[in-house]
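Taking it in order: structure first as structure tokens, then the write-up.
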Amino acid sequence: MVKDYLNSAIAKVLGSYEAVPDDFVVELEIPNNPEHGDWSTNAALKLARYLRKAPREIAEEMVARLSDVFSPELITSADVAGAGFINFRVANAYWWQLLGRILELESRYGRGSSGDGKKALVEYVSANPTGPLTVGHGRNAVLGDTIANVLDWSGYDVTREYYFNDAGRQMRVLGESVRSQYLSILNPSRETKTVEGGSGDVVVPEDFPEDGYLGEYIIDIARSIASEHGDTKKAEDAEGFFKDAAEKVIFADIEATLGRIGIRQDEYFNERTLYDTGKIWNVVDGLRKEGLVYDSEGAVWFKTTEFGKEKDTVLVKSSGEPTYRLPDIAYHVDKVERSYDRIVDIFGADHIATVPDVLKGVELLGYDVSGIDVVIYQFVTLVRSGKPVKMSTRKATYETLDDLIDEVGADVVRFFFLMRSANTHLEFDLDLAREASDKNPVFYLQYAHARICSILRKADEVGAGSTVAEPDLGQLVHASEINLIKSLAQFPAVVEDASSSLEPHRIATYLRELAVAFTDFYGNCRIIGEEDGIASARLALARAARIGLANGLSVLGISAPDRM
RNA sequence: GCGCCAGUAGCUCAGUUGGAUUAGAGCAACGGACUUCUAAUCCGUAGGUCGCAGGUUCGAAUCCUGCCUGGCGUACCA
């Protein structure tokens, strides 16, 4: 990499200054104004205070010394500019060489090594099996899956995990809801009542639980139980047979939905195992030893006021049932004990309040939490016909993720969730997403890819560049050609940035720039019809551009079609 | 009240972790370009007191403080 080359050259020059602190870091960046060169450093500006000299003066000196060190085949110029920046220009030969490397690496181009030999765990989706996945779950799922991809691309050995709870109140109500509907299917003349649903009143059986699930899927499940088992399940428990039956169906649906957007997880972690193994009680005992847990009013409390909370937090209710925080802490202890170098949680903004409790709890038990990163994403606002749609699983007013995939397709769903940073609200206008899909940015990227494939096919047909055995990349001197290579050159760093910051939207943003660079090349530099020397070189560049787009889309989990 | 997140073009958002007289894309608007390798495209025009006010320094959309607005949270719900 030129960056490394520049870095060590500058470091060497700085070594001759005594006043430069040992921990001084040379910053190199790609200027956003291309007139300022290919790379730029602000080192002279930063050093001014240590050397007690004007930045420009320092820069001039540095440039003079650097010119002795630089190989002219790599760096063609180093100039002082502005307040004391040093701008470097890289020789075309470097870009040609890089192009050759992209073509060699092919589907591996962009993969990094920062995570080599390290293990990462990404936990995402983690929806309890009480109903179909909502659009909100979709953002979680796509974000988590793509972060896992990104970590994989930077070398980590990644495990994708789904944490769920199939016990507790929610699931009990689910079983009761199904049982109630089942009994009414067997006996339609049972008493009914009317309750308020998200989109108007709903008629349910008289014995339907107060907070019961009103979604149509509950009746579907009840119906299939009725048709499979007749009335033989009349006497079964809501919490036993009915809950289990519902869970099975719902989980299968969740997996199927995730599969539609290319998501398959490695591990399913059942919260119940934390009870079975007694790990939750280890947490209580451990914290109690630290004097941070006490009993009051029949409940077990965590002294969260010790670290800045307004109130202490209940870990175990007076009913003896733990709140979700307790298993959450135990779960994270379990993750840390499984010795991952990096543990990533994907949480919705509504979970933000629990994060400090959980991390603090784990830390107070003597574990290192520095490897845990929590990615918080803000909520998705669904907009239909210009109006926000309230989403509630229980009231069945959600738009399901399945519906969304039906409407706009898996690629658009993934891209929409990825094109923005996680911590901004996402307004998802369904009408727009559906009807305006032709101007959706994802198509722009895919179109560029398909277009390249089309050119490659056509070139093959007419034999463009076929008389040249080994393309002479040195023929690529047009500004559009060099710019395209420069754009491609950024890809590995973009992946690395996305990996270290856990911000996959950077890749989406980058791909747009890459596609623009290709389209500019496409508009300015013809391939077919040119003489074979130039045609073969441009074909090589087109292939490299295809690799960049295909690899980038692959990280995002979006298809790269050969034709559109 | 307190905590977290956000506030950048009419709309939706980027902004390389503090850099460069001129803050960028897309959509929408306006004006152009299809005997050409895919027009699902391209070129051009217009559009801004970066929520407001201070502060920090060579330099601020970016960091600090205070305010304003919106979202989320602040349960013996998850």
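Note on naming: letters A, B, ... go to the chains in the order of the sequence lines (proteins, then strands), and numbering restarts at 1 for each one. Atom set for the values below is all heavy atoms of this structure, side chains included, hydrogens, waters and symmetry mates excluded.
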Pick out the pairs of N or O atoms, protein on one side and nucleotides 1-8 of chain B on the other, that lie under 3.5 Å.
unit_1	atom_1	unit_2	atom_2	d
B/G1	N2	A/E310	OE1	3.1
B/G1	N2	A/E310	OE2	2.6
B/C5	O2'	A/N423	O	2.7

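Of the residues near RNA chain B, A/N87 and A/K458, the one whose nearest nucleotide (by heavy atom distance) lies more toward the 5' end is A/N87. Two residues, A/T509 and A/I527, neighbour RNA chain B, and the one matched to the more 5' nucleotide by heavy-atom proximity is A/T509.
Look at the P atom in both B/A61 and B/G54: the space between them is 14 Å, to the nearest Å. B/U36 and B/U41 are spaced 13 Å apart, taking the C1' atom of each and rounding to whole Å. Rounded to a whole angstrom, the distance from the P atom of B/G19 to that of B/C63 is 11 Å. Remark: the separation of the P atoms in B/G26 and B/U45 is 13 Å, to the nearest Å. Rounded to whole Å, the separation between the C1' atoms of B/C30 and B/G71 comes to 36 Å. Only the C1' atoms considered, B/G48 is 32 Å distant from B/A39, to the nearest whole Å. Taking atom P in both B/G24 and B/G15, one finds a spacing of 15 Å when rounded to whole Å. Rounded to whole Å, the P atom of B/C2 lies 16 Å from the corresponding atom of B/A75.
Both distances falling under 3.5 Å, in either a Watson-Crick or a G-U wobble arrangement, place B/A53 opposite B/U65. The partner of B/C2, taking Watson-Crick or G-U wobble pairs whose two distances both stay under 3.5 Å, is B/G73. Remark: B/G24 base-pairs with B/C13. Criterion, Watson-Crick or G-U wobble with two distances under 3.5 Å. A 3.5 Å limit on both hydrogen-bonding distances identifies no Watson-Crick or G-U partner for B/U35. Of the nucleotides present, none pairs with B/A60 by Watson-Crick or G-U wobble criteria with both distances under 3.5 Å.
One can find a donor-acceptor pair under 3.5 Å joining the base of B/A78 and the side-chain atoms of A/Y324. Scanning atom types as modelled, no donor and acceptor separated by under 3.5 angstrom connect the side chain of A/D350 and the base of B/G73. The base of B/A78 lies outside donor-acceptor range of the side chain of A/D328, with no N or O pair under 3.5 Å. Side-chain atoms of A/S318 and base atoms of B/C76 include a donor and an acceptor less than 3.5 Å apart. Side-chain atoms of A/S40 come within donor-acceptor range of the base of B/A20, with a qualifying N/O pair under 3.5 Å.
Computed from coordinates, the A/E321 CD to B/A78 C1' distance equals 12 Å when rounded to whole Å. One can place CZ of A/R512 at 9 Å from P of B/U41, the figure rounded to the nearest angstrom. B/U16 atom C1' lies 13 Å from atom OH of A/Y510, rounded to whole Å. The separation between A/R56 atom CZ and B/G59 atom P is 17 Å, rounded to whole Å. A/I346 has its CD1 atom 22 Å from the P atom of B/A78, to the nearest Å. Summarising the geometry, the separation between CZ on A/F521 and C1' on B/U41 is reported as 16 Å, rounded to the nearest angstrom. Per the geometry, CG belonging to A/L28 stands 14 Å off C1' belonging to B/G19, to the nearest Å. Atom CZ of A/R563 is separated from atom P of B/C37 by 16 Å (rounded to the nearest Å).
Taking side-chain N and O atoms only, A/Y447 has no distance below 4.0 Å to OP1 or OP2 of B/C37. Contact annotation: A/R526 side-chain N/O to B/C37 OP1/OP2 distance is not under 4.0 Å. Side-chain nitrogen and oxygen atoms of A/K46 include none within less than 4.0 Å of the OP1 or OP2 phosphate oxygen of B/U57. Look at A/R451 and you'll find a side-chain N or O under 4.0 angstrom from OP1 or OP2 of B/A39. Close to B/A78, at under 4.0 Å from its OP1 or OP2, lies no side-chain N or O of A/T323. In terms of phosphate contacts, A/K311 brings a side-chain nitrogen or oxygen within less than 4.0 Å of OP1 or OP2 of B/A75.
With contacts defined as side-chain heavy-atom distances shorter than 4.5 Å, the pair A/R288/A/D295 qualifies. Counting only heavy atoms from C-beta outward, the side chains of A/E363 and A/F307 never approach each other to under 4.5 Å.
For A/F164 and A/F251, the distance between ring centers is under 6.0 angstrom. Taking the six-membered ring where the residue is Trp, the centroids of A/Y331 and A/F269 are separated by under 6.0 Å. The six-membered or imidazole ring of A/Y124 lies away from that of A/Y162, with a centre-to-centre distance of 6.0 Å or more. Annotation: A/F302 is not in aromatic contact with A/Y294 [ring centroid separation under 6.0 Å not met].
Considering only the side chain of A/T519, B/C42 comes nearest among B/C37, B/C42, B/G19. When the nucleotides B/C37, B/C76, B/U12 are ranked by their closest atom to the side chain of A/E427, B/U12 comes out on top. When the nucleotides B/A78, B/C77, B/C58 are ranked by their closest atom to the side chain of A/R169, B/C77 comes out on top. Of the candidate nucleotides B/C13, B/C37, B/C76, B/C37 has the atom lying nearest to any side-chain atom of A/S454. In the set B/A78, B/G19, B/U38, B/A78 carries the atom at the smallest distance from any side-chain atom of A/K317. In this structure, the nucleotide among B/C76, B/A14, B/A78 sitting nearest to the side chain of A/N128 is B/A78. With B/G15, B/U17, B/A40 as the candidates, the nucleotide lying closest to the side chain of A/H505 is B/G15. Comparing B/G73, B/A14, B/A39 by their closest approach to the side chain of A/A353 singles out B/G73. Nearest nucleotide to the side chain of A/M564, out of B/A40, B/A14, B/G19: B/A40. For A/A349, counting side-chain heavy atoms from C-beta on, the closest listed nucleotide (B/C37, B/C72, B/A40) is B/C72.
Counting only N and O atoms by type, the side chains of A/E176 and A/Y213 include no donor and acceptor under 3.5 Å apart. Judged purely by distance below 3.5 Å, without hydrogens or angles, the side chains of A/S318 and A/E297 never pair a donor atom with an acceptor atom. Between A/R414 and A/T146, the side chains place a donor N or O and an acceptor N or O closer than 3.5 Å (distance only, hydrogens not considered).
In B/C34 the O4'-C1'-N dihedral to the base is within 90° of 0, which defines a syn nucleotide.
For the side chain to side chain contact (heavy atoms under 4.5 Å, CB included) with A/Q378, the lone residue among A/V380, A/T381, A/I376 that qualifies is A/I376.
Residue-nucleotide stacking is not present for A/Y444 and B/A40, judged by a side-chain ring centre under 5.5 Å from the six-membered base ring centre and planes under 30° apart.
A/G463 and A/S466 make their closest contact through O-OG, 2.7 Å (heavy atoms, listed as atom of the first residue, atom of the second, distance).
Classification of the A/H351-A/Y324 ring pair by plane angle, with boundaries at 30° and 60°, yields perpendicular.
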